[in-house]
Amino acid sequence: MITASAPGKIILFGEHAVVYGQPAIAVPFAALRVTVSPHPAPPGSGLEIDAPDVRQRLPVAGPEDRPFYNALIYPLRLALDALGSPAPDLRLTVRSTLPIGGGLGSGAALATALIRALGLALDRPFDPAALNALVYEVEKRHHGSPSGIDNTVIVYEQPVYFVRGQPLEFLSIARPLTLLVADSGISSPTRLTVGDMRALHEANPARTAPVFEQIGALVQQARRALETGSVDALGPLMDQNHALLRALTVSSALLDRLCAAARDAGARGAKLSGGGRGGSLIVLVDEEQAAAVDAALRRAGAVQVIRTTVRGPQ
Ligand code: PMV
């Protein structure tokens, strides 16, 4: 049986500033994935989505029907439109281990896996560029003004150095890094943090623009450090990036407490990742410190901590 899947993603550096033209660095988070399995359905039954994790079973109306937006349905409607195909008789079963609103790209991963599965089931697989363009359209419905970093890193499943509107650049990571990804347990929709950032920027660009630029400069330093394997430089850069995100109001008391707990327990550096205000925190550790930092994060309130190795390209 064919199955399509897509990973989550981790923004290592540069979230939010990337919306305003600064570079950012993101890597796939292969441990957490959305998986979509197509199953044949009886003739005339149409296209149906079965998402047992969120207890939803939804019919996907044909492209000729009323405009309708839903995170499960919309990607499929876009894909059917792109293929010029009527809805087939098919059931798509969706499973996900990614937290929703967790700053790990759950929306883009869901759209990627759904569209991939549909293309495979119809024997008309999407090439990565076409898939990326469709998932970006979905992201626009979610966020209004997404940078495009989430769909890009998730569709290509490679580390990326991303600048909005520029040709895609993959990034090589010279030495594998051990990261702990801590879930704050607070679901924080990206649409809200991105919208608040826009309001802040429009109200007082003299305050936000220099911070975006500082983040951009730091991303370039991080790129060099990743490419040359200078792990020592990365922890302080993560700490600085977190402080700049806090200045932009997208941290929270809990995220700050988790960062402090991680550093006190011997982490090299820590920062929020993704939209902020909740969602995820990423922590750079040496293998020897990982267990102690993991325990400290849980004591400080993390509901889940996952250890992952960042390397690439795969
Ligand atoms: O919260 P997430 O995982 O969707 O990440 C959002 C990243 C932002 O830079 C805040 C927004 C964007 O479109 O790049």
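Numbering of ligands and ligand atoms starts at 1, following listing order.
- For the 3.5 Å distance criterion, the side chains of Arg33 and Ser5 qualify, holding a donor opposite an acceptor.
- Although no hydrogens or angles enter the test, the distance criterion places a donor-acceptor pair under 3.5 Å between the side chain of Arg116 and the main chain of Val155.
- Asp239 contributes a side-chain N or O that, together with a main-chain N or O of Ala270, makes up a donor-acceptor pair within less than 3.5 Å.
- Sorted by chain and number, the residues within 4.0 Å of ligand 1 by heavy atom are Lys9, Ile11, Glu15, His16, Val18, Val19, Gly103, Leu104, Gly105, His143, Pro146, Ser147, Ile149, Asp150, Thr190, Val194, Gly274, Gly275.
- Checked by atom type and distance alone, the side chain of Asp127 pairs as donor or acceptor with a backbone atom of Ala129 at under 3.5 Å.
- Identified under the ring pair (Phe, Tyr, Trp, His ring centres under 6.0 Å) test for residues 206-248, with sequence neighbours left out: Tyr20-Phe212, His201-Phe212.
- A donor and an acceptor atom, one from each side chain of Ser230 and Arg175, are nowhere located under 3.5 Å apart.
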